[in-house]
Amino acid sequence: MSVKTILTEPNILLRQVSESVEKVGDEERKLMDDMLDTMYAAPGIGLAAIQIGIPKRIIVMDTSRDKNIKEPMYLVNPVIKNKNSEKTTYEEGCLSVPDQFAEIERPNMCEVAYLDYLGNKQLLKANGLLATCIQHEIDHLEGILFIDYLSKLKKSMIIKKLSKTKYNRIVV
Ligand code: NI
């Protein structure tokens, strides 16, 4: 298991549509382990494979509030089957959009079908924070970031700010 570098906006890779996984095998499980390590180290509550530069439809999450109890979730090829018309608003951030936050409105319930860590089919009904997190992460698989829901002006201001910030800059 290892911690990978998280790509940040603006980066063309983050805009790529990720590809479906044909079979959940050892390679995919290794990737999920690395993603989870990377997410916990960040720290964050969700990460999509494309955020470490791998265009596969894989998400890891842990929305447990208790830091001592880890409840990792692995979602491969997640598809939203059903969502509520009722909306909820959370102030969202994203590991690929560092230090930027905005209120985003999304359906407050969604049902998602996916393959788990072992490749077994699962169907999950999610509410609240988990529902928002799932929708945010599935957006990543389509090359969508939460800032895309903001006004053009707000979005361009954030991208401009991020472009000026050099992460992991070293002088040797
Ligand atoms: Ni994100």
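Both counts, for ligands and for their atoms, begin at 1 and track the order of listing. Quick note: numbers below take in every heavy atom, side chains included, and nothing from hydrogens, waters or symmetry partners.
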Regarding Glu28 and Arg57, does a basic nitrogen lie under 4.0 Å from an acidic carboxylate oxygen? no
All heavy atoms of Gln16 vs all of Pro55, minimum pair found to be NE2-CB, 3.3 Å
* Asked: Does Tyr114 have Lys121 sitting over its ring (NZ/CZ under 6.0 Å from centre, angle to axis within 45°)?
  -> no
| Side-chain H-bond candidate by donor/acceptor type, Tyr117 with Asp33, under 3.5 Å | yes
Check your understanding: With side chains defined as the heavy atoms from C-beta onward, is the minimum distance between Ser2 and Lys4 less than 4.5 Å?
Key -> yes
Taking every heavy atom of Asp62 against every heavy atom of Pro72, the minimum-distance pair comes out as OD2-N, 3.7 Å
Under 2.8 Å from the Ni ion (ligand 1), the protein N, O or S atoms found are Cys94 SG, His136 NE2, His140 NE2
